[in-house]
Amino acid sequence: MNAQQLSFMLQICDGNFPNGAFSHSFGLETLIETGVVHDAATFQSALKSWFDLQLIPFDGLAAHLAWEYAHARDGAGVIRLADVVSSSLIAEQAKRGSLQIGKRSLQVLYGLVPGGITEWYWQRVCAGEVETTHGIALAVAAAEIGIEQSLSTAAVLYSALSSLVAAGVRAIPIGQTVGQQILATARRWMQEAPDFTGRTPEDISSSAVRWEIAQMNHKRLNGRLFMS
């Protein structure tokens with residue numbers, strides 16, 4: 001990885017990346033409201049469950065595959081993958097949030113990485129032919145500028161973890177230092193994540209039932225800090 005690629009990775013993983021992710025908790029706020037998450041220990045436990053059952057087999061695998069298709073300049077493959085991912089999102093608020101964040105991410109990334117398959121994908125999204133998530137958008141742009149597949153997928157995992165930890169810091173609340181300690185632990189989970197080699201879009205799955213129910217019930221909360 002050269003300096004330009006490194007700076008790109010740092011930029012897209014920064015909490016100030018303007019895609020609106022800071023407005024979403026993806027069910028965490030419901031878990032806090034119902035008492036499932038109430039301190040650092042219960043948050044880390046819930047985060048690990050979400051990481052294992054949703055982030056890795058769903059977003060992580062999708063990002064891995066998106067990089068492969070983009071690297072091969074297989075636009076049809078990117079579209080097929082995005083269709084599988086978008087149709088697999090169940091909870092109304094979480095689905096809307098994921099797709100809005102994804103579109104905004106791709107818009108920003110198109111400005112950072114103009115031309116090639118990133119621009120082509122942005123045009124398809126603008127035409128209403130397909131939707132996108134942040135992970136797919138990031139992976140496509142990363143492939144465009146030559147970032148390795150494993151590093152691209154790691155960036156997707158880290159940015160998702162960082163966003164949810166930031167939501168926990170605000171909503172539980174826990175201190176910023178504790179949040180960073182949890183994020184450091186989560187980085188170790190990333191190192192232990194399974195290999196995606198040989199996987200296909202048919203392998204994309206999510207079994208984080210508690211989180212999905214929390215996402216569905218979020219709209220019924222009396223007061224909300226987050227949009228999901």
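The chain is numbered in sequence order, starting from 1.
Taken to the nearest 0.5 Å, the OG atom of Ser207 stands 9.0 Å off from the CG atom of Asp52. Interatomic distance, CG of Leu164 versus CZ of Phe26, reported as 8.5 Å (0.5 Å rounding). Here Asp83 contributes atom CG and Thr132 contributes atom OG1; the two are 10.5 Å apart, rounded to the nearest 0.5 Å. Going from atom CD1 of Ile90 over to atom CD of Gln215 covers 9.0 Å, rounded to the nearest 0.5 Å. Here the CD1-CD distance, from Ile172 to Glu29, works out to 11.5 Å after rounding to the nearest 0.5 Å. One distance of note links OG of Ser49 with CG of Leu55; it measures 11.5 Å at 0.5 Å rounding.
Side chains of Arg80 and Asp74 form a contact here, defined as non-hydrogen atoms less than 4.5 Å apart. Contact of the Cys126 side chain with the Tyr110 side chain is not registered, since no non-hydrogen atoms from C-beta on lie closer than 4.5 Å. Looking at heavy atoms from C-beta onward, Phe17 lies out of side-chain contact with Ser159 at the 4.5 angstrom threshold. Looking at heavy atoms from C-beta onward, Leu28 lies in side-chain contact with Trp211 at the 4.5 angstrom threshold. The side-chain heavy atoms of Gln107 and Lys103, taken from C-beta on, include no pair separated by under 4.5 Å. When side chains are defined from C-beta on, Gln93 does not count as touching Met227, because their heavy atoms never get closer than 4.5 Å. At a threshold of 4.5 Å between non-hydrogen side-chain atoms, the residues Ile56 and Pro194 count as touching. Side-chain contact between Phe226 and Thr30: absent, with no pair of heavy atoms (C-beta onward) separated by less than 4.5 Å.
Residues Phe43 and Leu157 share a hydrophobic cluster, clusters being chains of Ile/Leu/Val/Met/Phe/Trp/Tyr side chains in contact below 4.5 Å. Val125 and Leu112 end up in different hydrophobic clusters when Ile, Leu, Val, Met, Phe, Trp and Tyr side chains are linked at under 4.5 Å. In the hydrophobic cluster analysis, where Ile, Leu, Val, Met, Phe, Trp and Tyr join through side-chain heavy atoms closer than 4.5 angstrom, Phe8 is grouped apart from Tyr121.
In summary, the side chains of Ser228 and His24 do present a donor paired with an acceptor at a separation below 3.5 Å, with no hydrogens or angles considered.
Of the possible polar contacts, one joining the Gln5 side chain to the Asn2 backbone as a donor-acceptor pair under 3.5 Å is found. The backbone N or O of Ile101 lies less than 3.5 Å from a partner atom in the side chain of Ser105, making a donor-acceptor pair. Formation of a donor-acceptor pair under 3.5 Å by the Glu148 side chain with backbone atoms of Met1 is not found in this model.
Annotation: Arg210, atom CZ; neighbour count of heavy atoms from other residues, nucleotides and ligands within 6.0 Å does not exceed 12. Around CD of Gln4, the count of heavy atoms belonging to other residues, nucleotides or ligands within 6.0 Å does not exceed 12. Within 6.0 Å of NE2 on His71 lie no more than 12 heavy atoms contributed by other residues, nucleotides or ligands.
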Please table the atom pairs, donor to acceptor, closer than 3.5 Å between any side-chain atom in residues 176-192 and protein atoms at least two apart or in another chain.
from: Thr185; atom 1: OG1; to: Gln181; atom 2: O; distance (Å): 3.2
from: Thr185; atom 1: OG1; to: Arg188; atom 2: NH2; distance (Å): 3.3

